[in-house]
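What follows is one structure encoded as C-alpha cells, with my remarks underneath.
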There are 2 protein chains.
Amino acid sequence: MPALVEATRSKATRLSDLEVESIEMFINFLRLLGWPKSVGEIYGLLFVSAGPLAMDEIMARTGMSLGAASQGLKLLREFGAVRTVYTPGARKDHYVASGELSRFATSYIEEELLPRMRTAQERIQRMERMMQSLPEYDRQLPAERMDRLKYWLGKGQKVVPWLVKFLKL
Amino acid sequence: MPALVEATRSKATRLSDLEVESIEMFINFLRLLGWPKSVGEIYGLLFVSAGPLAMDEIMARTGMSLGAASQGLKLLREFGAVRTVYTPGARKDHYVASGELSRFATSYIEEELLPRMRTAQERIQRMERMMQSLPEYDRQLPAERMDRLKYWLGKGQKVVPWLVKFLKL
DNA sequence: CGAATCTTTCAATAACAAATGAAAAATTCA
DNA sequence: TGAATTTTTCATTTGTTATTGAAAGATTCG
C-alpha cells in the first residue's frame with residue numbers, strides 16, 4: 001500500500017469544534033465567490049492550524065479525496081491564499097494559510113468583475129451603433145435604459161479601483 | 001390547443017443582433033450573482049424591448065419553457081428588476097424592465113453578503129472563546145490570523161453600507 | 001356561473017459542476 | 001540510476017442546480 005494512502009487511513013482524527021467552525025465559515029464565504037466546498041474546507045482547516053500541514057494530513061482530517069486536495073491546494077496557491085513552507089527533513093510539501101484575506105476579494109474583483117465590466121462596455125458601444133438603425137419610436141425606451149446602464153457602469157468603474165485599494169490596506 | 005402554446009409556436013421570430021447582445025450581457029452579469037441563465041435571457045430581452053412584453057412573447061422569442069419564463073419573471077418581479085404595466089384591453093400581464101439596475105447589486109449585498117458577514121462575526125466570537133483552551137503554543141498562529149480576519153471583516157462592515165448608499169444613487 | 005385563458009407549481013429530466021481514485025508524471029533519496 | 005514517495009491529471013462517478021411540461025390553480029370574460 002502506498003505510504004500516502006496508508007497515512008490517510010490511519011491519521012483520520014476527528015475535527016475539533018474550532019476547526020469545524022472555521023471550515024464552515026470559509027465554505028460559506030468562498031461559495032460566494034463561486035469556489036467549491038473542498039477549497040473552503042482546506043482553507044478553513046489551515047486557517048486555525050497551529051502549524052503547516054501536508055496534503056495527506058489535510059486529506060485525513062477532512063476526509064476529502066486525493067484529487068480534491070491536490071486541486072484545491074493548487075487553486076489556493078495560485079490565488080496566493082496558501083503557501084508552502086520549508087520544513088527541514090520533510091519530503092512532502094507543507095502548507096500554511098496566508099493571512100492576506102483581502103486576496104479573495106481582490107482576485108474576485110479583478111478576475112471576475114472587472115473583465116465583465118470591460119466586456120459590457122464593448123457591448124454597449126456595439127448596441128448603441130445597432131440602435132441607430134431602429135425607428136425613432138422603437139429606440140426611445142431602450143435608449144433611456146442604455147443611458148442608465150452607462151451611468152451605472154461608469155459608477156462601478158469609478159468605485160471598483162477605489163474599493164480594491166481600500167481592501168488591500 | 002391552448003392559445004398560449006399556439007402563440008408560442010407561431011410567433012417564434014429570430015432574435016435581433018441587438019437583443020442577442022443584450023441577453024448575453026445580462027446572462028454574464030447575473031451569473032456573477034448566481035442567477036440562472038433563463039433569468040438573464042428574460043431581463044436582457046426586456047432591456048432592449050421597445051415596449052412591454054407578455055410571457056408568451058418572451059417564451060417565443062427566447063425559446064424557453066413555460067415554467068422557466070414564469071419562474072424567472074416571478075424572481076425578477078420580487079427583486080424589483082421587472083414590473084408589470086397596465087395594458088388596456090389585454091388579458092395577459094405585460095412586463096417591462098425596470099431601469100433600476102442597482103437593485104441587482106444592492107440585493108446581492110443585502111441578501112447574500114451582509115448575512116454572511118453577520119454569521120462570520122458570531123463565529124469569530126465563538127472561535128475566540130474556543131481558542132482560550134488551547135495551549136499557548138497552538139494558539140499563537142491561529143490567533144494572529146483571527147486578528148487579521150477581524151480587522152478585515154471590520155473593514156468590510158464599514159465599506160458595505162457606504163457602497164450600498166453609493167450604488168443607490 | 002362556467003368556459004376560456006393565463007399563470008403557477010412541481011415532479012421528472014436534463015445539464016452542469018464537483019469529487020473520486022487510478023494511472024501518469026514528477027520529485028526525492030540512497 | 002532506479003526504487004520509493006509524492007503530486008498532478010483526468011476519465012468516470014456522484015451530486016447539485018436549472019429546465020421542462022403537464023396538471024392544478026387563478027383569473028377574466030360573456
Side-chain angles (χ1 to χ4, degrees), chain A residues 1-12 23 27-28 30-43 52-78 82-95 112, chain B residues 1-12 26-27 30-43 52-60 62-78 82-95 112:
Chain A
M1 184 185 267
L4 191 70
V5 173
E6 211 283 316
T8 303
R9 293 266 165 77
S10 60
K11 277 196 187 174
I23 287 170
I27 287 176
N28 280 332
L30 298 187
R31 187 178 19 217
L32 223 52
L33 316 184
W35 289 26
K37 195 180 81 164
S38 57
V39 174
E41 284 178 270
I42 296 172
Y43 191 83
L53 294 181
M55 197 175 86
D56 63 340
E57 295 173 299
I58 293 167
M59 287 164 61
R61 305 299 310 286
T62 62
M64 80 178 56
S65 72
L66 190 68
S70 175
Q71 300 210 106
L73 284 168
K74 188 185 172 192
L75 200 67
L76 285 164
R77 241 163 29 227
E78 286 168 1
V82 140
R83 64 188 164 78
T84 55
V85 291
Y86 171 66
T87 311
R91 202 151 160 179
K92 298 166 189 163
D93 285 338
H94 284 253
Y95 295 92
E112 301 284 339
Chain B
M1 183 183 267
L4 192 69
V5 173
E6 210 284 315
T8 304
R9 294 266 165 76
S10 59
K11 276 195 187 174
F26 282 104
I27 287 175
L30 298 188
R31 185 175 23 215
L32 222 53
L33 315 184
W35 290 27
K37 197 181 81 165
S38 57
V39 174
E41 284 178 88
I42 296 171
Y43 191 82
L53 294 181
M55 197 174 85
D56 64 338
E57 293 173 299
I58 293 168
M59 287 164 62
T62 62
M64 80 177 57
S65 71
L66 191 67
S70 175
Q71 300 207 110
L73 283 168
K74 189 186 172 193
L75 199 68
L76 285 164
R77 238 162 33 224
E78 285 168 2
V82 139
R83 65 189 164 77
T84 55
V85 291
Y86 172 66
T87 311
R91 204 151 160 180
K92 298 168 192 166
D93 286 337
H94 284 252
Y95 295 91
E112 302 283 339

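- Look at CD on A:E57: it is 16 Å from C1' on D:dT5, rounded to the nearest Å.
- Here the side chains of B:I42 and B:V39 are not in contact, with every heavy-atom distance at 4.5 Å or above.
- Judged by distance alone, the side chain of A:S70 and the main-chain N or O of A:L66 form no donor-acceptor pair under 3.5 Å.
- Considering every non-hydrogen atom in both A:A54 and A:E57, the closest pair reads N-OE1, 2.7 Å.
- For B:I58 and C:dT8, the CD1 to C1' distance is 15 Å, given to the nearest whole Å.
- Here D:dT7 presents its P atom at 10 Å from CE of A:M59, a figure rounded to the nearest Å.
- Counting non-hydrogen atoms of other residues, nucleotides and ligands closer than 6.0 Å to CZ of A:R77 gives a total above 12.
- Residue B:I42 contributes atom CD1, which lies 12 Å from atom C1' of D:dT19 at whole-angstrom precision.
- With sequence neighbours excluded, no residue forms a side chain to side chain donor-acceptor pair (under 3.5 Å) with B:R91.
- When each of D:dT7, C:dT8, C:dG21 is scored by its nearest atom to the side-chain atoms of B:M55, the top-ranked nucleotide is C:dT8.
- Protein atom CG of B:L75 is 17 Å distant from nucleotide atom P of C:dT7, rounded to whole Å.
- Put simply, CG on B:D56 is 11 Å from C1' on C:dT5, counting in whole angstrom units.
- The side-chain heavy atoms of A:W35 and A:L76, taken from C-beta on, include a pair separated by under 4.5 Å.
- The shortest heavy-atom contact between A:G40 and A:L30 is CA-CD1, 3.9 Å.
- In this structure, CD in A:E112 is found 8.5 Å from CG in A:L33, a value given to the nearest 0.5 Å.
- The distance from atom CG of B:L33 to atom P of D:dA18 is 13 Å, rounded to the nearest whole Å.
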Give me, pair by pair, the N or O atoms of the protein and of nucleotides 9-18 of chain C that are less than 3.5 Å apart, along with how far apart they are.
from: C:dT9; atom 1: OP2; to: B:K74; atom 2: NZ; distance (Å): 3.0

Once base and sugar-phosphate atoms are separated, protein heavy atoms under 4.0 Å mark nucleotides 25-30 of chain D, 5' to 3', with B, S and - as --BBS-

* Could you go through the side chain to side chain contact (heavy atoms under 4.5 Å, CB included) check for A:D93 and A:L73 one step at a time? => CA-CA 11 Å; A:D93 285 338; A:L73 284 168; over 6 Å; no

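- D:dT7 atom C1' lies 16 Å from atom CG of A:L76, rounded to whole Å.
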